[in-house]
Amino acid sequence: MKVLVINCGSSSLKFQLIDSESEQCLAKGLCERIGIEGSMITYSPEGGEKEKTETPMPDHTEAIRLVLEALTNPKTGVVKSLDEIGAVGHRVVHGGEKFAESVVIDENVMKAVEECNDLAPLHNPANLIGINACKKLMPTTPMVAVFDTAFHQTMPEEAYMYGLPYEYYQKYKIRRYGFHGTSHSYVSKRAAEVLGKKYEDLKIIVCHLGNGASISAVKNGKCIDTSMGLTPLEGLIMGTRSGDIDPAIIEFIAHKEGKSIDEIMSVLNKKSGVLGLSENLSSDFRDLEEAYNKGDAKGIRTIKTFCYRVAKYIGAYVAAMNGVDVICFTAGVGENAALVRTSVCEYLGYLGITLDQDANHKRGEDIAISTPDSKTTVMVIPTNEELAIARETVRLV
Ligand code: AMP
């Protein structure tokens, strides 16, 4: 079956068409600036040339119409007609406590996703718009929602509760949810597969280090803790998000700089993280690594602080699971930044880890980067959220 995977943001839309038998991506692309002047569609068929076309996209329905047109284009398309697309898998960011698994989308599911809008006001409404737009253009094609939060729904109460008045949980469902669940699930399962071990027998820590970053503890095949919280702001230091801070800092900045809560939240989400720490040098680790290697104080401070936080979370999750068998690195930074992996693992001597630096410098493979005699295995597993969404979609339809 051919599965269209859609990841819809408020003004952008990423897509991939995946052949579920071969698990190959047949074409992928991106619509940008939807509803804004200068909208653009990028389309890359497998083995063909990447095309970038500027064309008006007043709304998401038009964006999806253009995607379907590109996929069925007689010259550069990869299917003859839309009938060849057997199902659509939608990434949905927040499933609240309602969804511990992916589901086939119907009216009730749409309503339940909408009820989670409060928890992810930037993401869920956009995801729903994408689903509605697809339903309009492909009314008979089955669709599945795959939630970023679902994998983390197995966390025990002690991991998901905050030390706040309990009534906030009762009234507003304020608790830890966690994100990047599709990636944490895919990577932890893949690690077990590559090692030829039973998923249910392992204690795995997954470090998803991308522009957004989160860590999870997966014990015997179930997520028992993760670093993102009610929103993706908690936990690690990220590209532009602060991660954990003393909550009193918000009040302190409000008084000192005369800023409103919304303005401070914007600083914490968009101007903090490695971007802020490096005095706006960059949010991109390629630039930060270059600065680090030149001995630049901003690069050194930023990379050291980032890696220290990762190592601290790993330590916490070793405690939470009473041990660890495998530590996986994934996503843009985790898959590519050998320096970050080395710096994090320098803190982990107590776990009996030695890195194999030849393996640590390879790219694009599922690979163990610790030496065979290391007591804990460290791996790089490139994440593939689209493939994971396609697999879930096929499983359910
Ligand atoms: P993601 O959110 O998973 O797409 O990751 C994006 C981030 O990965 C970028 O912002 C970079 O910081 C990082 N990244 C991508 N390629 C490299 C690379 N070759 N070396 C270091 N960092 C990289």
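The basis for the numbers below is simple: all heavy atoms, side chains too, and nothing from hydrogens, waters or symmetry mates. For ligands, and for the atoms within them, numbers begin at 1 and follow the listed sequence.
Ligand-side atoms of ligand 1 in range of Val333: 8 (O), 12 (O), 13 (C), range being under 4.0 angstrom from any heavy atom. Atom numbering of ligand 1 starts at 1 in the shown order; those under 4.0 Å from a heavy atom of Ala331 are 3 (O). Every atom of ligand 1 with a heavy atom of Phe285 under 4.0 Å away is listed here by number and element: 11 (C), 12 (O), 22 (N). Distances below 4.0 Å separate heavy atoms of Gly210 from the following atoms of ligand 1: 1 (P), 2 (O), 3 (O), 5 (O).
Among all protein heavy atoms, the one lying closest to atom 21 (C) of ligand 1 is Glu289 OE2, 3.5 Å. Here the heavy atom of the protein found nearest to atom 14 (N) of ligand 1 is Gly332 O, 3.6 Å. Nearest protein neighbour of atom 2 (O) of ligand 1, counting heavy atoms only, is Asn211 N, 2.9 Å. Residue, atom and distance of the protein heavy atom nearest to atom 11 (C) of ligand 1 are Asp284 OD1, 3.3 Å.
At under 3.5 Å, not a single nitrogen or oxygen of His208, backbone or side chain, sits near a nitrogen or oxygen of ligand 1. Where the criterion is an N or O separation shorter than 3.5 Å, residue side chain and backbone included, Gly212 fails it with respect to ligand 1.
Within the set Leu209, Thr330, Asn336, Leu275, the minimum heavy-atom distance to atom 19 (N) of ligand 1 is found for Asn336.
Residue contacts with ligand 1, taken as heavy atom pairs separated by less than 4.0 Å, involve Arg363 solely via side-chain atoms from C-beta onward.
The side-chain tip of Lys189 does not point at the ring of Tyr186 from less than 6.0 angstrom away and within 45° of straight on. In this structure, Arg175 satisfies the cation-pi test against Tyr177, with its NZ or CZ atom closer than 6.0 Å to the six-membered ring centre and inside 45 degrees of the ring normal.
Residues Val93, Met228, Met238 make up the rest of the hydrophobic cluster containing Phe179, defined by ILVMFWY side-chain heavy atoms closer than 4.5 Å, directly or through other members.
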(request) Mind running side-chain hydrogen bond (donor to acceptor under 3.5 Å, both in side chains) on His180 and Thr226 for me, showing each step along the way? (result) CA-CA 10 Å; His180 295 140; Thr226 190; over 6 Å; no
(request) Show your reasoning for whether salt bridge (charged side-chain N to carboxylate O under 4.0 Å, His left out) applies to Arg286 and Glu290. (result) CA-CA 6 Å; Arg286 283 164 285 205; Glu290 196 184 316; over 6 Å; no
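Take Tyr43 and apply the ring-ring contact (aromatic ring centres under 6.0 Å, His included) test, not counting sequence neighbours, and it matches no residue.
The aromatic ring centroids of Tyr162 and Tyr168 lie 6.0 Å or more from each other.
Note on Arg176 versus Asp225: salt bridge recorded, some NZ/NE/NH1/NH2 to OD/OE distance being below 4.0 Å.
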